[in-house]
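Throughout, protein chains are lettered first and strands after them, A, B, ... in sequence-line order, and every chain is numbered starting at 1.
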Protein chains: 2
Amino acid sequence: MDQPSRSAGTVRPGGRTARVRAAVMDATQDALVEHGFHGLTMDQVAARAGVGKTTVYRRWGSRAGLVTDLMNELATQSMPHADTGDIEGDLMANALSVLRAINDGRLGATFQAMIAAATSDEQAARALRVFYERRIGEWAGTVDLAVKRGELPQGTDGGELIRAVSAPLYYRLVVTREPVTLEDAERSVARALVAARAGAFVMRDPGAP
Amino acid sequence: MDQPSRSAGTVRPGGRTARVRAAVMDATQDALVEHGFHGLTMDQVAARAGVGKTTVYRRWGSRAGLVTDLMNELATQSMPHADTGDIEGDLMANALSVLRAINDGRLGATFQAMIAAATSDEQAARALRVFYERRIGEWAGTVDLAVKRGELPQGTDGGELIRAVSAPLYYRLVVTREPVTLEDAERSVARALVAARAGAFVMRDPGAP
C-alpha cells in the first residue's frame with residue numbers, strides 16, 4: 001500500500017503515487033483492450049500493474065472508478081482544435097480525429113468501455129459528459145473562426161456543428177455496430193457543411209417569431 | 001426446469017416454454033431499468049420471473065444472452081415505417097419514434113443495456129446490428145417514396161438519410177450523455193433534409209469521375 005495519509009493531489013508529480021496511478025491507468029487500458037468493460041476486474045488490473053489489490057480498491061473503488069479516472073486523464077491530453085484556414089479542412093480534421101480514436105485498438109476500446117460504463121454508472125456518465133463538453137467546446141472554436149471569415153452564416157452554433165460531424169461516426173461504432181470508414185468521415189463533413197452553409201445550424205432565439 | 005429434450009422452436013407458442021420466455025424477458029427488462037446491464041444478474045432475473053436458475057442459465061447462458069434475446073424479441077415488434085405523404089413528416093416520425101424509445105424508461109434502459117453489452121459481447125453486437133439493419137432498411141422506404149414523388153434527388157440513399165436523422169439523438173444519449181429533447185429531434189430532421197435536398201445523400205458510383 002502507498003501512504004494512506006496522503007491524497008493524490010498533495011504528492012509531487014514524479015512521486016510514488018503518480019507512478020502507481022500511471023501503472024494502473026496503463027493496466028486498465030490493457031485490460032479494456034483484451035476483455036472490454038464487462039470482463040475487466042480490479043484484481044486483474046492490480047496484478048498487471050504490479051500494485052497491491054488494496055491500493056487499487058481503496059483509490060479507485062470499482063471498475064467504473066478506474067475507467068472514469070482514465071477518461072479524466074485522456075481529457076487532459078485532448079488536443080487543441082485544428083486551424084487549417086478553412087472550415088471544410090477544420091471539420092475534416094475533427095472527423096479524422098474521431099475516426100482515428102475510435103479505430104485505434106487501444107483508444108477505441110477505452111471509449112467503448114467508457115460508453116458502456118456510463119450506461120449504468122453516474123460517475124462514469126459525468127466523466128464522459130465532461131470529456132465531450134470540453135472537446136466539443138474546444139472544436140467549436142473552428143466554427144467561430146469560420147463565421148468571422150464569412151464562410152458560415154452569423155449565429156451558426158459551433159458546438160452543434162461539431163456534434164453533427166461526430167455523431168454519425170459514433171452512431172455506427174456503438175449503435176448500429178457498422179464499420180466506420182474514411183468515406184463515412186468525408187460524407188459526414190460534406191453533409192453537415194451543406195446544412196451549415198444553408199443556415200441550418202443558426203440557433204434561433206426561442207422567443208423570436 | 002422445463003423439458004430439456006425440447007428446443008424452444010418445437011414447442012407450441014402458448015406452451016410452457018413460451019410462458020417461461022415471456023416471464024424471463026419481462027424480468028430482464030425490469031432488472032435493466034433498475035440496475036442497468038452491469039447490475040443485472042441471472043439469479044435476480046430467475047427469482048423475479050419465478051423460474052428456476054438452472055433453466056435461465058441453460059437457455060440464456062449469460063446476461064448478454066438475456067439482453068440479446070430481448071433485442072430479438074423487440075426486433076419482431078418493430079413498427080412499419082410512417083407514410084405521412086411527405087418526406088419531412090416521415091423523417092419527423094422517424095425522429096419521434098427514436099426520441100420516444102430512448103426517453104421511455106423501460107425501452108430506453110433496454111437499448112442502453114444492449115449498447116453496453118455489445119461493446120464487449122459479439123453475440124449482443126450482432127443482435128444490435130441486425131436490429132438496426134432491419135429498422136433502417138424499413139424506414140429507408142420513406143426516402144424511396146419521396147424520391148418517386150420528386151421530393152428528393154434521384155439516387156438519394158435512404159438508409160444513409162435515416163441514419164443521419166437518428167445519429168445525433170443516440171450520440172447525445174450514449175456518448176455526450178446530454179438530454180435528448182423534441183428540439184433536438186426537429187433540428188436533426190431539418191439539417192438532414194436541407195442536406196438531402198441539396199443532393200448530399202446521393203451515393204456516387206466509386207468508379208465514376
Side-chain angles (χ1 to χ4, degrees), chain A residues 32 35-40 62-64 109 111-121 124-133 135-136 157 160-161 163-164 166-178 183-184 187-188 190-201 203 206, chain B residues 32 35-40 62-64 109 111-121 124-133 135-136 157 160-161 163-164 166-178 183-184 187-188 190-201 203 206:
Chain A
L32 290 177
H35 309 288
F37 181 67
H38 307 128
L40 181 150
S62 67
R63 59 183 172 185
F111 279 105
Q112 290 203 50
M114 201 60 204
I115 286 165
T119 65
S120 57
D121 183 277
R126 201 163 40 240
L128 208 57
R129 196 154 45 232
V130 168
F131 177 88
Y132 284 104
E133 197 173 73
R135 191 185 180 287
I136 291 168
D157 187 292
E160 281 291 282
L161 183 48
R163 282 182 187 86
S166 304
L169 309 180
Y170 280 99
Y171 177 70
R172 295 178 71 95
L173 177 75
V174 293
V175 180
T176 63
R177 308 287 319 177
E178 296 171 283
E183 266 200 317
D184 293 313
R187 285 175 187 147
S188 188
R191 290 163 185 171
L193 200 49
V194 163
R197 285 183 177 139
F201 288 87
M203 297 301 249
Chain B
L32 291 176
H35 310 289
F37 181 66
H38 307 128
L40 182 150
S62 66
R63 58 183 173 186
F111 280 104
Q112 290 204 50
M114 202 62 206
I115 287 165
T119 64
S120 57
D121 183 276
R126 199 161 45 238
L128 208 56
R129 194 154 48 233
V130 167
F131 177 87
Y132 284 103
E133 196 173 76
R135 192 186 179 286
I136 291 168
D157 187 293
E160 281 291 280
L161 184 47
R163 281 182 188 85
S166 303
L169 309 180
Y170 280 100
Y171 177 69
R172 296 178 70 94
L173 176 75
V174 293
V175 181
T176 63
R177 308 289 317 178
E178 297 170 284
E183 268 201 316
D184 294 313
R187 285 175 187 149
S188 187
R191 291 162 185 172
L193 201 48
V194 163
R197 285 182 177 140
F201 288 88
M203 297 301 249

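- With a threshold of 4.5 angstrom between heavy atoms, A/I136 approaches chain B through side-chain atoms but not through N, CA, C or O.
- Using a 4.5 Å cut-off between heavy atoms, A/R172 contacts chain B through its side chain alone, with no backbone atom that close.
- Per-residue heavy-atom pair counts under 4.5 Å with chain A were compared for B/H35, B/E160, B/R197, and the maximum is reached by B/E160.
- Neither the backbone nor the side chain of A/F111 comes within contact range of chain B; no heavy atoms are under 4.5 Å apart.
- Using a 4.5 Å cut-off between heavy atoms, A/R187 contacts chain B through its side chain alone, with no backbone atom that close.
- Contacts with chain A were tallied for B/T176, B/V175, B/L32, B/V174; B/V175 has the most, counting heavy-atom pairs under 4.5 Å.
- For a residue to count as touching a neighbouring chain, one of its non-hydrogen atoms must lie under 4.5 Å from one of that chain's; by this rule A/A118 touches chain B with backbone and side chain alike.
- The part of A/R63 that comes within reach of chain B is its side chain, from C-beta onward, which places non-hydrogen atoms under 4.5 angstrom from that chain.
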side-chain contact (heavy atoms from CB on, under 4.5 Å) between B/I115 and A/Q112: does it pass, once the steps are laid out? CA-CA 9 Å; B/I115 287 165; A/Q112 290 203 50; over 6 Å; no

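- The candidate with the highest count of non-hydrogen atom pairs below 4.5 Å against chain A, out of B/P168, B/A116, B/G39, is B/A116.
- Distance check, rounded to the nearest 0.5 Å: CE of B/M114 to OG1 of A/T119 gives 12.0 Å.
- Here A/S120 is the residue among A/A196, A/A109, A/A113, A/S120 with the most heavy-atom pairs under 4.5 Å with chain B.
- Chosen from A/A192, A/A164, A/A117, the residue pairing most often with chain B at heavy-atom distances under 4.5 Å is A/A117.
- Note: B/A200 leads B/A200, B/G36, B/S188, B/A190 in heavy-atom pairs under 4.5 Å with chain A.
- Remark: the backbone N or O of A/R177 is paired with a side-chain donor or acceptor of B/R129 at under 3.5 angstrom.
- B/Y170 pairs by the ring pair (Phe, Tyr, Trp, His ring centres under 6.0 Å) definition with A/Y171, B/Y132, not counting sequence neighbours.
- In this structure, the side-chain contact (heavy atoms from CB on, under 4.5 Å) partners of B/A64, at least two apart in sequence or on a different chain, are B/F37, B/S62, B/D121.
- Looking at B/A125, the atoms closer than 4.5 Å to chain A (heavy atoms on both sides) sit in the backbone and in the side chain alike.
- A/A195 approaches B/V194 most closely through the heavy-atom pair CA-CG1, 3.8 Å.
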